[in-house]
Amino acid sequence: METHHLFVSLLLVLLPLPLCSSQENTRSLAIDVNSPLDASPTSQKVNPKLVYEIKVHGFMLWASMGVLMPIGIISIRLMSIKGQPLICLRRLFFLHVTSQMVAVIIVTTGAVMSIKNFNNSFNNHHQRLGVGLYAIVWFQALFGFLRPSRGGKARRNWFVGHWILGTSVAILGIINIYTGLNAYTQKTSKSAKLWNILFTAQLSSFVLLYLFQDKWSYIQSQTNRTQSVDHNSNISTAEPSQGDEVEETKPALEKC
């Protein structure tokens, strides 16, 4: 009987040891399983719906700031070319206004989407620059509708202000696209190198088109000047031949 009690007491003493060791093994196994999750890329922590919303937001801002805004700038610059018919000037002005209005609508939609769906902690350059860009875009749109009539000092001041705001929107929009691609890479750990290359190529084409149309009037003037010089030279070479013919006809008239 005493032996039985001694055996039971020994079991009660030794039983917690394997339980404790098994708990420690289970705890260590849980740490080993969870440790790769802590070192895992952040793309696994971002749900697919949020990634999709980020892509839609980026596409909308690229369409507005990277496409429609440059089209509006180039179209208004094309109006400065001399000798265009009135219908072409009206179409270019309509293209300028339409592209800017659609760009403002898309920017507003993208802003609402970012405020509604994203974490607006404003701890990066893209978010802080985006807030300022939204404000300038709306101010530029309202300022454009306040255009005074031609021929006054107010129109000149308005033109300078409109040009400064438009240039600021174009430059800040381009910078914000690049910072947005950088923020996308940091958020999802996915490379945006291809999108950076494509946007840089597109931006370079817009810049080349802007510079070309800016010098188009000069190129046309040089071509017209060359043609006029050739025409005058042909006239000057033809005049002596006519004089020679007159001199040749004089002896024949004297003989008569």
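Everything quoted here is computed from the prediction, not taken from an experiment. Computation of the quantities below employed the complete heavy-atom set of this structure, encompassing side-chain atoms and omitting hydrogens, waters and symmetry-equivalent molecules.
Trp138 and Leu172 fall within the same hydrophobic cluster, defined by Ile, Leu, Val, Met, Phe, Trp and Tyr side-chain heavy atoms under 4.5 Å apart, directly or through other members. Put simply, Ile171 and Leu61 are part of the same group of oily side chains (I, L, V, M, F, W, Y) that touch within less than 4.5 Å, one to the next. Under the 4.5 Å side-chain heavy-atom criterion for Ile, Leu, Val, Met, Phe, Trp and Tyr, Leu78 and Phe93 are members of the same hydrophobic cluster. Hydrophobic clustering places Tyr52 together with Met113 (ILVMFWY residues linked when any side-chain heavy atoms are closer than 4.5 Å, directly or through intermediates). Put simply, Phe159 and Leu89 are part of the same group of oily side chains (I, L, V, M, F, W, Y) that touch within less than 4.5 Å, one to the next.
Residues Asn117 and Lys49 have side chains not in contact (no heavy-atom distance under 4.5 Å, counting atoms from C-beta outward). Side chains of Arg155 and Arg147 form a contact here, defined as non-hydrogen atoms less than 4.5 Å apart. Contact annotation: the side chain of Val169 approaches that of Met69 to within less than 4.5 Å [non-hydrogen atoms, C-beta and beyond]. Contact check for Met65 versus Leu133: side-chain heavy atoms found under the 4.5 Å cut-off. Val97 places none of its side-chain heavy atoms less than 4.5 Å from the side chain of Phe145. Residues Gln127 and Val131 form no side-chain contact, since every pair of their non-hydrogen atoms from C-beta on lies 4.5 Å or further apart.
Distance CG/Leu86 to CZ/Arg91: 11.0 Å, rounded to 0.5 Å. Here the CG-CZ distance, from Leu209 to Arg77, works out to 12.0 Å after rounding to the nearest 0.5 Å. Taken to the nearest 0.5 Å, the CG atom of Asn182 stands 10.0 Å off from the NE2 atom of His126. Here the straight-line distance linking atom NZ of Lys190 with atom OG1 of Thr185 works out to 11.0 Å at 0.5 Å rounding. Remark: Leu181 CG to Leu194 CG distance equals 10.5 Å, nearest 0.5 Å. In this structure, CG in Leu198 is found 9.5 Å from CH2 in Trp62, a value given to the nearest 0.5 Å.
When all heavy atoms are compared, the tightest approach of Ser99 to Gly72 is OG-CA, 3.3 Å. Listed here is the closest heavy atom pair of Ile54 and Tyr184: CG2-CD1, 3.6 Å. Of all the heavy atoms in Val67 and Ala63, the pair that sits closest is CB-O, 3.4 Å. Nearest approach of Ser64 to Ala103, heavy atoms of both residues: CB-O, 3.6 Å. Considering every non-hydrogen atom in both His96 and Ile73, the closest pair reads ND1-N, 4.5 Å. Here the closest heavy-atom approach between residue Leu68 and residue Ile106 is recorded as CD1-CD1, 3.9 Å.
In terms of modelled atom types and a separation under 3.5 Å, the side chain of Gln100 and the main chain of Leu95 share no donor-acceptor contact. Looking only at distances, a side-chain donor or acceptor of Gln202 sits under 3.5 Å from a matching main-chain atom of Gly66. Of the possible donor and acceptor atoms, none in the side chain of Ser80 sits under 3.5 Å from a partner among the backbone N and O of Ile76. With hydrogens and angles disregarded, a donor-acceptor distance shorter than 3.5 Å links the side chain of Asn196 to the backbone of Ala192.
Phe118 and His57 have their aromatic ring centers within a separation under 6.0 angstrom.
Counted within 6.0 Å of CZ on Arg128, heavy atoms from surrounding residues, nucleotides or ligands total more than 12; the atom is thus considered enclosed. Trp195 CH2: 12 or fewer foreign heavy atoms inside a 6.0 Å radius.
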I would like to know whether Thr108 and Tyr134 meet side-chain hydrogen bond (donor to acceptor under 3.5 Å, both in side chains); could you show each step before the answer?
CA-CA 8 Å; Thr108 305; Tyr134 295 151; over 6 Å; no
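Between Phe143 and Phe139, the two ring planes are parallel [angle under 30°; tilted spans 30° to 60°].
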